[in-house]
Amino acid sequence: MFDNNNNKNNYEGYQNDYNDFYNAPDSNYVDVNFNSDPNQNPNNKNNGGKKFLKVVAAVAALAVVSVSSVEMYKLFGKDNSNWTSSESEASITRDASSLTDSSVASSSTSSESSSSTASVNSTANWINMAAPEDALSIPDIVEKAVPSVVGISAVFEYTPSAQSYWGFGFYNYGGNNGTTQTQQITGTGTGIVMTEDGYIITNAHCVYDNESDYKCGKAVSVSVVMGDDTETEYEAQVVGYDLETDLAVLKIDATGLTPAEFGNSDDLRVGELVIAIGNPLGFELQNTVTCGIVSALNREVTINEKDMTLIQTDAAINSGNSGGPLLNGYGQVVGINSAKMSSTYGSASVEGLGFAIPISDAKEIIEDLINNGYVTGRPQFGITGVTVTESDAERFSMPQGVYVYGVTEGSAADDAGIRQGDIITAVEGTETPDMDTLNEVKNQYNAGDTITITIYRSGETLDLQLTLQEVRQED
């Protein structure tokens, strides 16, 4: 699936898609597509999309927002037409008589022709049954939406690390044969034009990677390729992005763009027609259109240890669709495509399991990212950690909990005296045997609260006082 020419031998065996649910505790984001040449023009059809590096860009970092950005986004008030869920004026009335058995029978006297017509008719029937009565035709939906769908190209830097966190390769961290040469990786995804003056919505994992084995971090550069004019490309500023919701906002220096029309995902019904547009496998397949139905609403899915509530759809969503729109029958954005289940799940074979972030849930996050560069009010410790399982605890004679393998300088954890190598075993007396529990307990408190953290260090159990800080993404 991917090929990094600079370090190919080290990763030949890493063939499973990043979005394979069965390779992680539950599920993962849709892949961003990668190649190993960051200087490569993503529009060059001789190169773009031919080789992909299997890595992902996940969430968490920001660029500081200027005061002018806040002023611009007074439009997110009650009169903000960008979030208006008005029905399209260009609705159509379907001719039900064209779908009757008699019209099919009269179209041809041959059985072969009748069979072909019946097949087309059957497809038309399910689309008509799934779409609202005054919906646009699918071609009209696509024509309306494509000018608002863009390509995202991001360049990441990766430096293999020879560090081994506990000194003996815990969880296979570190290694890479001592290679430390910095490499560059280019990834592609999809975005949605939000305003005519250049604000773009996409997934956070399109511009930041802290989930893959590479841990590339924030992209060193991001560009936007216009969906209706693939020759036009803009350098993009990362305004902000959010780890928890997999949402990001970019800004390009452009005016006169065609903003998408946003609908209300709360109005969706299970079984309703939806259409996805994106760039699967890179820009050679730019603006690929797939359609299906809403398979489920408010589906609780765990992606990379983050619990998310998403729209489930059977519309095909593939690697590179990340950040693209899920549209309703009026051509309105009702979801932001984010994740899929791969073709196999353990011993089972699965199809048509894609997931999108509901736009009604995303609005507040997007507004916060624009106005503040991050989502306000969330508490954080300022650590990176990994679960010490029961078998790990027995093997290494230590308690279960969360092993701290990184502490952010100046963070709440740093100020409280937590160190790399500590094991967090409890918060306010509640045992935290894994990362999920630790985050659940932490999220019961607010930024500014002081709590007791119990840690295990060098054979001793210590109670430390920690004052939670507000999550702020780093530049």
Side-chain angles (χ1 to χ4, degrees), residues 24-28 58-62 165-166 170-171 173 204 208 210-211 215 241-246 300-309 365 368 372 374-474:
D26 288 288
S27 60
N28 296 67
V59 292
L62 65 85
Y165 287 108
W166 282 4
F170 183 59
Y171 284 161
Y173 287 106
Y208 192 94
N210 70 346
E211 299 287 354
K215 299 292 188 296
Y241 50 102
D242 179 54
L243 171 66
E244 298 297 324
T245 58
D246 192 31
E300 294 184 0
V301 181
T302 300
I303 302 178
N304 300 325
E305 299 184 349
K306 294 184 288 292
D307 294 330
M308 304 179 72
T309 302
I365 303 298
D368 235 358
N372 303 293
Y374 66 98
V375 179
T376 58
R378 286 188 182 146
Q380 70 169 348
F381 291 150
I383 66 166
T384 50
V386 64
T387 298
V388 180
T389 65
E390 184 177 357
S391 61
D392 294 328
E394 292 177 357
R395 178 183 177 189
F396 302 118
S397 299
M398 56 183 61
Q400 280 187 256
V402 174
Y403 175 81
V404 178
Y405 66 79
V407 179
T408 303
E409 184 177 356
S411 67
D414 188 29
D415 292 345
I418 295 176
R419 305 173 188 170
Q420 181 182 3
D422 289 347
I423 299 174
I424 298 174
T425 58
V427 176
E428 285 289 300
T430 301
E431 293 185 357
T432 56
D434 52 42
M435 282 293 295
D436 287 343
T437 307
L438 176 64
N439 285 321
E440 287 172 7
V441 175
K442 176 200 67 178
N443 291 334
Q444 295 173 12
Y445 299 91
N446 299 315
D449 290 346
T450 298
I451 58 178
T452 301
I453 303 291
T454 304
I455 65 167
Y456 174 86
R457 177 190 297 166
S458 301
E460 293 185 84
T461 298
L462 306 173
D463 287 336
L464 302 177
Q465 298 302 302
L466 182 147
T467 301
L468 291 165
Q469 295 178 355
E470 189 176 57
V471 175
R472 292 173 179 263
Q473 318 289 14
E474 298 178 357

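Residues: numbered from 1 along the sequence shown.
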Problem set entry | salt bridge (charged side-chain N to carboxylate O under 4.0 Å, His left out) partners of Arg419, counting only residues at least two apart | none
For this session: Ignoring hydrogens and angles, tell me if any N or O in the side chain of Thr387 forms a donor-acceptor pair with the backbone of Met435 under 3.5 Å.
Result: yes
Exercise. Can you find a side-chain donor-acceptor pair between Thr437 and Asp434 that sits under 3.5 Å?
Worked result: yes
For this session: Supply the atom-to-atom distance Asp392 CG to Met398 CE, rounded to the nearest 0.5 angstrom.
Result: 8.5 Å
Problem set entry | Name of the residue among Thr450, Asp415, Thr452 meeting side-chain hydrogen bond (donor to acceptor under 3.5 Å, both in side chains) with Gln465 | Thr452
For this session: Supply the atom-to-atom distance Arg457 CZ to Leu462 CG, rounded to the nearest 0.5 angstrom.
Result: 5.5 Å
Seminar exercise, completed: side chain to side chain contact (heavy atoms under 4.5 Å, CB included) with Arg378: of Glu470, Glu244, Gln469, only one passes, and it is Glu244
Problem set entry | Euclidean distance, Ile383 CD1 relative to Asp422 CG, rounded to 0.5 Å | 9.5 Å
For this session: Kindly give the heavy-atom pair with the smallest separation between Gln420 and Val407, and that separation in Å.
Result: N-CG2, 3.9 Å
For this session: First locate atom CD1 of Ile455, then atom CD1 of Ile418, and finally report the distance between them rounded to the nearest 0.5 Å.
Result: 6.0 Å
Problem set entry | From Tyr445 atom OH to Leu466 atom CG, the distance as rounded to the nearest 0.5 Å | 11.5 Å
For this session: Show your working on side chain to side chain contact (heavy atoms under 4.5 Å, CB included) between Ile453 and Phe381 and close with a plain yes or no.
Result: CA-CA 10 Å; Ile453 303 291; Phe381 291 150; 4.0 Å; yes
Exercise. When you look at Asn446 and Leu468, which way does the side chain to side chain contact (heavy atoms under 4.5 Å, CB included) test go after all the steps?
Worked result: CA-CA 7 Å; Asn446 299 315; Leu468 291 165; over 6 Å; no
For this session: State, to 0.1 Å, how close Gly382 and Ala413 come at their nearest heavy-atom pair, and which atoms those are.
Result: O-CB, 4.3 Å
Exercise. Is the count of non-hydrogen atoms from other residues, nucleotides or ligands lying under 6.0 Å from Glu431 atom CD greater than 12?
Worked result: no
Problem set entry | Residues in side chain to side chain contact (heavy atoms under 4.5 Å, CB included) contact with Glu394, at least two apart in sequence or another chain | Glu390
For this session: Can you sort out the partners of Glu428 under salt bridge (charged side-chain N to carboxylate O under 4.0 Å, His left out), two or more places apart, ordered by chain and number?
Result: none
Problem set entry | Interatomic spacing from OG1 in Thr425 to CG in Leu438 - rounded to 0.5 Å | 10.5 Å
Problem set entry | From CA spacing to verdict: side chain to side chain contact (heavy atoms under 4.5 Å, CB included), Ile303, Asp246 | CA-CA 10 Å; Ile303 302 178; Asp246 192 31; over 6 Å; no
Exercise. Checking Asp414 side chain against Gly410 main chain: does a donor-acceptor pair fall under 3.5 Å?
Worked result: yes
Exercise. Where is the tightest heavy-atom contact between Pro379 and Ala447, given as atom of each residue plus distance?
Worked result: CB-N, 3.9 Å
